[in-house]
Amino acid sequence: AAKKTYIVHMAKSEMPASFEDHTHWYDSSLKSVSESAEMLYTYTNVIHGFSTRLTAAEAQKIEKQPGILSVYEEVKYELH
Amino acid sequence: TTRTPSFLGLDQNAAVLPESDSVSEVIIGVLDTGVWPESKSFDDTGFGPIPSSWKGECETGTKFTASNCNKKLIGARYFTRGYEATLGPIDESKESRSARDEDGHGTHTASTAAGSVVPGANLFGYAVGTARGMATRARVAVYKVCWIGGCFSSDILAAVDKAIDDNVNVLSLSLGGSMSDYYRDSVAIGAFAAMEKGILVSCSAGNGGPSSYSLANVAPWITTVGAGTLDRDFPAYVSVGNGKNFSGVSLYRGNSLPAKMLPFVYAGNASNVTGGNLCMTGTLIPEMVSGKIVLCDRGVNPRVQKGSVVKAAGGAGMILTNTAANGEELVADAHLLPAIGMGQITGDAIKAYLLSDRNPTATIIFEGTKLGIEPSPVVAAFSSRGPNSITSEVLKPDMIAPGVNILAGWTGAVGPTALAEDDRRVEFNIISGTSMSCPHVSGLAALLKAAHPDWSPAAIRSALMTTAYTAYKNGKMLQDVATGKPSTPFDHGAGHVDPISALNPGLVYDLTVEDYLNFLCALNYTTLQINALAKRNFSCDSRKTYSVNDLNYPSFAVSFPADMGSTIGSGSSTGSSVVKHTRTLTNVGSPGMYKVSVSTMNSSVKILVEPETLSFSRANEKKSYTVTFSATSMPSNTNVFGRIEWSNGKNVVGSPVAISWT
């Protein structure tokens with residue numbers, strides 16, 4: 001299935017205590033829906049979350065994971 | 001920028017501008033196509049040490065090393081992961097995998113915001129003068145997020161993320177996407193986080209004008225900038241066989257046309273495809289255009305490409321005429337062949353001659369640069385227009401600034417038309433768009449930040465908005481080139497920016513992060529949506545009544561239902577509607593009493609301000625007032641405009657009012 005880029009917003013306050021670092025939690029959430037998916041970026045200031053390549057089914061699946069606020073497909077912007 | 005500092009009053013009022021030492025503490029981050037670091041606009045002669053607050057980097061990449069940065073260009077990063085994940089690896093034969101700008105747009109915007117002083121700047125002798133950014137002593141950090149295939153939101157978010165870490169003070173984004181709710185819009189999300197850290201985010205309003213509802217970047221924590229013209233033009237004229245002359249504009253410099261009248265043909269009659277009049281690639285029949293002046297209609301493909309198409313088909317010159325979409329707006333281009341751009345009325349007149357004469361002839365005469373054009377500014381036809389399609393209660397754009405025929409720094413990688421076949425190289429280029437007006441405001445915001453380091457982004461924007469002007473010196477209202485009539489707050493927002501007045505606005509409408517969170521509650525955002533946008537657990541208080549009308553914005557947008565059977569807000573009377581807005585002014589000037597004055601263009605609307613006077617006895621004192629808008633029934637899509645001004649006799653704190661029936 002074709003993969004697209006998604007921006008995954010996480011609720012940092014819901015990070016399980018077992019994780020010391022939020023990036024490990026992000027990674028664990030991602031790996032729970034796709035073994036092969038890798039994070040493009042992890043974001044700190046703008047959102048709590050990351051961007052990654054997923055299939056539509058994987059995107060739907062990760063949206064239902066605990067601690068996930070929202071999953072939005074990447075958008076292309078243009079110069080003005 | 002060989003004209004805009006003077007047009008904005010910066011040159012004439014240098015004495016009241018903040019000291020260069022304080023401006024040099026301000027860092028402007030520009031998210032764009034990167035930078036051509038060799039441009040003289042980034043010369044760091046005379047610059048002191050880089051601000052100690054700076055945490056950024058000059059990243060090494062293709063054709064770009066840390067040595068390309070200096071005390072002026074202090075940061076250069078590039079963001080490729082989102083782009084490459086979608087479109088594959090960057091083709092390094094076409095663009096560098098680094099912050100190097102091989103497009104020109106990023107160098108233009110960065111140098112407009114904060115370029116160093118460059119005497120003798122020009123494009124082929126046009127617009128000659130001293131080019132400089134609005135904040136010449138501010139530092140520049142570029143974040144390359146736009147590539148040949150576009151600008152991807154994952155990269156934009158990453159760039160804003162880094163810019164916040166790096167400690168920029170102003171962010172300039174001359175880009176936009178399709179309309180979407182704030183919690184889905186990466187620019188709005190990034191701008192919210194930046195605003196929280198005290199960073200002013202200035203964005204282009206978009207080039208979707210003159211259509212209504214065409215704005216981009218409308219979140220209230222963003223400063224949204226539309227475009228106006230300068231008092232400078234590049235006149236040229238067409239002389240046709242019947243002896244008549246028709247005016248237009250051109251930036252052509254090169255081999256002259258023969259000193260005689262040339263055969264003249266309409267592209268639509270020199271093509272055997274539908275839409276041949278548009279001079280699309282490969283649509284002209286060379287035998288029918290060779291050696292002739294060709295008239296092409298504007299639209300669909302880029303203007304400079306039309307010139308290239310005519311040249312490739314053997315045409316001697318091109319007349320490019322506007323259609324209704326552009327009206328009389330004249331945007332000059334550095335075409336590859338002798339060419340002239342003309343307004344719709346003039347174009348129609350030339351077409352009437354062209355299509356009625358059996359042997360039409362024409363030639364084009366170029367006149368160079370002309371200053372002192374009046375009226376100016378006028379709102380550019382392309383500048384996107386309100387109402388705000390996401391939150392109609394927030395009036396956008398916020399203001400207009402120079403965005404037509406702007407000369408600023410350019411890449412050495414492509415010619416001024418950016419066409420592959422354009423092998424000319426220039427240090428400066430003249431281009432147009434809200435992309436060009438946005439960095440003007442970014443640079444001006446940097447000046448205000450230097451003058452008032454403690455002001456919030458909202459206070460800086462308020463100062464720029466409430467001191468913007470809506471009338472020419474002769475008292476006539478600003479015009480819209482798309483209509484030839486007075487422009488409205490949906491076109492120019494609060495008006496044209498006036499930076500000298502903005503330095504001392506008297507009062508400001510300030511906003512905190514909490515105010516914006518309350519605004520999101522008023523929009524009925526869910527806790528999840530607020531968390532996604534504002535990165536925090538914030539629950540709207542179910543016992544509290546939130547109103548978008550209470551956002552302390554420096555402008556007013558009121559929407560009444562066209563069906564007057566219902567009423568809005570508190571208070572109502574039969575056959576009329578009432579909407580109340582509350583605002584709070586903060587004194588940033590001298591103690592004194594301000595008196596309100598209200599003007600509307602239609603007696604069916606009543607605007608009542610209570611109280612009518614506000615007295616401030618100390619700095620940073622806050623005083624609130626209420627505005628009650630009452631209106632009788634009006635047909636759907638009716639708009640009425642007005643203005644609310646507070647004045648102490650010295651400062652005028654103006655707010656535009658837009659009232660709509662929908």
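Being a predicted model, the structure only gives us computed values, none of them experimental. Just so we're on the same page: letters track the sequence lines, and every chain starts at 1.
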Distance check, rounded to the nearest 0.5 Å: [X] atom [atom1] versus [Y] atom [atom2]?
X      : Y      : atom1 : atom2 : result
B:L175 : A:Y77  : CG    : OH    : 8.5 Å
B:N531 : A:E14  : CG    : CD    : 8.0 Å
B:T109 : A:L79  : OG1   : CG    : 8.5 Å
B:S204 : A:E78  : OG    : CD    : 11.5 Å
A:K76  : B:S186 : NZ    : OG    : 15.0 Å
A:T52  : B:R81  : OG1   : CZ    : 12.0 Å

Options [options], ranked by heavy-atom pairs under 4.5 Å with chain A, top entry:
options                       : value
B:C146, B:G176, B:A85, B:A205 : B:G176
B:L157, B:T33, B:N537         : B:L157
B:G433, B:A158, B:G150        : B:A158
B:C203, B:G206, B:G190        : B:G206
B:A193, B:S432, B:C151        : B:C151
B:D103, B:L528, B:L533        : B:L528

task = Report yes or no: does B:D161 contribute a side-chain atom to a donor-acceptor pair with the main-chain N or O of A:T44 at less than 3.5 Å?
result =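 Looks like yes, one N/O pair under 3.5 Å.
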Measure distances from [X] to the heavy atoms of chain A and classify the residue's part below 4.5 Å as side chain, backbone, both or neither.
X      : value
B:T526 : neither
B:A216 : side chain
B:F192 : neither
B:L173 : neither
B:V145 : neither

For a 4.5 angstrom cut-off between non-hydrogen side-chain atoms, does [X] reach [Y]?
X      : Y     : value
B:S153 : A:I7  : yes
B:S180 : A:V75 : no
B:S154 : A:F50 : no
A:K4   : B:T86 : no
B:I189 : A:H9  : yes

Stepwise side chain to side chain contact (heavy atoms under 4.5 Å, CB included) test for B:Y183 and A:S70 = CA-CA 10 Å; B:Y183 59 85; A:S70 53; over 6 Å; no
task = Give a yes or no on this: more than 12 heavy atoms of other residues, nucleotides or ligands lie within 6.0 Å of atom NZ of A:K3.
result =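 Counting other residues, nucleotides and ligands, NZ of A:K3 exceeds 12 neighbours.
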Heavy atoms of other groups near B:K535 NZ, more than 12 under 6.0 Å =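 For B:K535, atom NZ is crowded (more than 12 foreign heavy atoms under 6.0 Å).
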task = Could you check A:N45 against B:V160 for side chain to side chain contact (heavy atoms under 4.5 Å, CB included), going step by step and ending with a plain yes or no?
result = CA-CA 8 Å; A:N45 298 304; B:V160 178; over 6 Å; no
message = Please evaluate residues B:D155 and A:Y41 with respect to the criterion side-chain hydrogen bond (donor to acceptor under 3.5 Å, both in side chains), reporting the C-alpha separation (whole Å), side-chain torsions for both, the decisive distance (0.1 Å), and the verdict.
response = CA-CA 8 Å; B:D155 293 329; A:Y41 298 103; 2.5 Å; yes
task = Could you walk me through whether B:N217 and A:H80 pass side chain to side chain contact (heavy atoms under 4.5 Å, CB included), step by step?
result = CA-CA 11 Å; B:N217 301 320; A:H80 282 155; 4.1 Å; yes
